[in-house]
Protein chains: 2
Amino acid sequence: MASSTVENYLKATLLHEQKADGIVPMGALVEALGVVPGTVTSMVKAMAAQGLLEHEARQGVRLTPIGRALAVGVLRKHRLVETFLVRTLKMDWSEVHDEAEALEHAVSDRVLERISELLGHPTTDPHGDPIPDAEGNFAATKTQDSLDLCALDQPLRVTRILDQTQEFLAYVQETGLKPGAKIRVLRREPASGVLHCELAGGTEVALGLHIAGKIIVGAA
Amino acid sequence: MASSTVENYLKATLLHEQKADGIVPMGALVEALGVVPGTVTSMVKAMAAQGLLEHEARQGVRLTPIGRALAVGVLRKHRLVETFLVRTLKMDWSEVHDEAEALEHAVSDRVLERISELLGHPTTDPHGDPIPDAEGNFAATKTQDSLDLCALDQPLRVTRILDQTQEFLAYVQETGLKPGAKIRVLRREPASGVLHCELAGGTEVALGLHIAGKIIVGAA
DNA sequence: ACCTTGTTTTTGATTACTCAAAATACAAGT
DNA sequence: ACTTGTATTTTGAGTAATCAAAAACAAGGT
């Protein structure tokens, strides 16, 4: 059995591989796990010895098939638990991330499948992140763009929030830019770096282009 | 924050104090936690230094008020989680004990109160064990007897199963003597040590008197 | 080629929990 | 009081995960 710590290293590696493919530098794990570099080196060595990671000296790591399968399982637990906390326990979608962080290591496969069933086997979590199925496959994702690249004046729907920090989720919550919201991009001002968009109710929101990149939208 | 290990020591101590009051011998913890005696001695020392237990040398331990409060909290989590697994996730009541054992250390107070609310603040778990409220108080328990001491020929209802081992729960499940079942004790045979009782459907069950002591009943 | 800067690795310690096995204390029985 | 058996404590050691601080390395820029 993989310890909670090992599961966290696996999950962090998978998330990094998904967003920037190629080898995952040690520093990325230092950042994601909040430990000092030396700790990552020794953990990574141990995990490589267990066949969970390949460690290229002074380069970084990449998941082995076994490591990847475990990591996907952890991600599935995390995202199903988040969905459960919001839908069944009526918790606020911006506060469930940390709770799920703890629960993902304690939920057995048996319990997880009951939860998945209860929720009707959802394919995305409350932040719009895809939930892999029990075999580890991610559903084919529809064409989507980040808010700073999508077409202007089209009816769009927010599908995903890439930044899971407390502050950012609270901001998204407050402005109403959360997954499911219908919006339309009015204009971008490259000079000032500001983007203007219109919410369903007609209210207008201005936000920085670098912030807009963290919000993903699809056709409404 | 108390580690899972510390929580388990606290819970085991509380359970022993509840079933046999007075000081809890080290051996009881050895038994309950499945570790060697030396391990218990050193853990107990550390916990006593933290103010969670009082340790009487060569005698055993007893909970301090702080330790008791924490232990009651763990028990509340365990029993609410069990109830949740049975009622909401439709799991078999005889298999939830071990799942709850893992989850009780990962569920935050915030999540726990949502679960309690979802379930309508239940006061007993699927085995009939009382669930303390959020302040740590146990509901006043109605007069109850174990099956080997109760009156004959009275309509009774099973309210609680004291033995939580897999095999025993499976046996209870199979015979139908689970909490909620209506029964009537026909006769006891001290010589053979056998007790005969009748289930709701009219079926008759024979079981040893030492086994009957693990089943608690109340007025139907 | 050399020096600077940033990343990674090594080394030496620490904390929490555990075991094995030896030492000690206690209670009871003769 | 002495012996015996059981419960408890001590001692020494090991594993997993961590940190601090020093050392090694890689890559560029001059």
Side-chain angles (χ1 to χ4, degrees), chain A residues 1-13 16-17 19-20 22-63 66-67 70-71 74 101-102 104-106, chain B residues 1-13 15-17 19-63 66-67 70-71 74 101-102 104-106:
Chain A
M1 278 296 97
S3 68
S4 303
T5 305
V6 167
E7 288 187 347
N8 283 334
Y9 277 74
L10 290 171
K11 189 180 60 168
T13 308
H16 194 279
E17 281 190 353
K19 107 159 84 74
I23 203 161
V24 179
M26 306 301 268
L29 297 179
V30 168
E31 170 75 21
L33 297 161
V35 293
V36 301
T39 302
V40 169
T41 302
S42 58
M43 272 303 294
V44 155
K45 270 191 181 172
M47 289 171 66
Q50 299 228 158
L52 304 175
L53 299 173
E54 281 177 45
H55 180 204
E56 304 284 340
R58 305 220 161 245
Q59 303 289 300
V61 294
R62 96 182 81 241
L63 290 165
I66 295 173
L70 287 174
V74 176
E101 206 69 29
E104 68 191 3
H105 308 296
Chain B
M1 276 295 99
S3 67
S4 302
T5 307
V6 166
E7 288 188 347
N8 282 333
Y9 276 73
L10 289 171
K11 189 179 61 167
T13 307
L15 287 174
H16 195 278
E17 281 190 352
K19 104 158 87 73
D21 50 26
I23 202 161
V24 179
M26 306 300 267
L29 297 179
V30 168
E31 171 75 21
L33 297 161
V35 292
V36 300
T39 302
V40 170
T41 301
S42 58
M43 273 303 292
V44 155
K45 271 190 179 173
M47 290 171 67
Q50 299 227 164
L52 304 175
L53 299 174
E54 283 176 44
H55 180 206
E56 304 283 338
R58 303 220 163 245
Q59 303 287 300
V61 294
R62 97 183 81 242
L63 291 165
I66 295 172
L70 287 174
V74 177
E101 207 69 31
E104 67 190 5
H105 308 296

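If you're wondering where the values come from, they're calculated on a predicted model, not measured in any experiment. Heavy atoms only: backbone and side chains are in, while hydrogens, waters and symmetry mates are out. Residue numbering restarts at 1 for every chain, and letters A, B, ... go by the order of the sequence lines.
- Atom pair B:M26:CE and C:dC26:P shows a separation of 14 Å (rounding to whole Å applied).
- Using a 4.0 Å heavy-atom criterion, one finds that A:A57 contacts the sugar-phosphate atoms exclusively.
- B:Y9 has a side-chain polar atom (N or O) that falls below the 4.0 Å cut-off from OP1 or OP2 of C:dT18.
- In this structure, CD of A:Q59 is placed 14 Å from P of D:dC25, rounded to the nearest angstrom.
- Rounded to a whole Å, the CD atom of B:E31 is 11 Å from the P atom of D:dA7.
- When each of A:M47, A:K45, A:R62 is tested with A:L53 by the rule side chain to side chain contact (heavy atoms under 4.5 Å, CB included), just one qualifies, namely A:M47.
- Considering only heavy atoms from C-beta on, B:H16 stays 4.5 Å or farther from B:L29 through its side chain.
- Taking 4.0 angstrom as the limit, A:H55 places none of its side-chain polar atoms (N or O) nearer than this to OP1 or OP2 of C:dT8.
- For A:R58, counting side-chain heavy atoms from C-beta on, the closest listed nucleotide (D:dA20, D:dA24, D:dA17) is D:dA24.
- Remark: A:T39 is not in phosphate contact with D:dT18, judged by side-chain N or O atoms under 4.0 Å from OP1 or OP2.
- Both A:G38 and A:S3 lie near DNA chain D, and the one whose nearest nucleotide falls closer to the 5' end is A:S3.
- Per the geometry, CD1 belonging to A:I23 stands 10 Å off P belonging to C:dT8, to the nearest Å.
- One interatomic measurement links the two molecules: CD of B:Q50 to C1' of C:dT15, which rounds to 12 Å at whole-angstrom precision.
- In this structure, the CG atom of B:L29 is 14 Å from the P atom of C:dC17, given to the nearest Å.
- What separates CG of B:L33 from P of C:dC19 is a distance of 10 Å, to the nearest Å.
- A close approach under 4.0 Å does occur between a side-chain nitrogen or oxygen of B:K45 and OP1 or OP2 of D:dT10.
- Distance alone, capped at 3.5 Å, places no donor-acceptor pair between the B:Q59 side chain and the B:I23 backbone.
- Contact check for B:V6 versus B:H105: no side-chain heavy atoms found under the 4.5 Å cut-off.
- Contacts of B:V35 with the nucleic acid, taken as non-hydrogen atoms under 4.0 Å apart, involve only primed sugar atoms and P, OP1 or OP2.
- The listed nucleotides are D:dA20, C:dT18, C:dT8; the one nearest the side chain of B:T5 is C:dT18.
- Each of D:dC19, C:dC17, D:dT18 was ranked by its minimum atom distance to the side chain of B:M43; first place goes to C:dC17.
- Counting only heavy atoms from C-beta outward, the side chains of B:H55 and B:M26 approach each other to under 4.5 Å.
- As rounded to whole Å, 14 Å separates atom C1' of D:dA17 from atom NE2 of A:H105.
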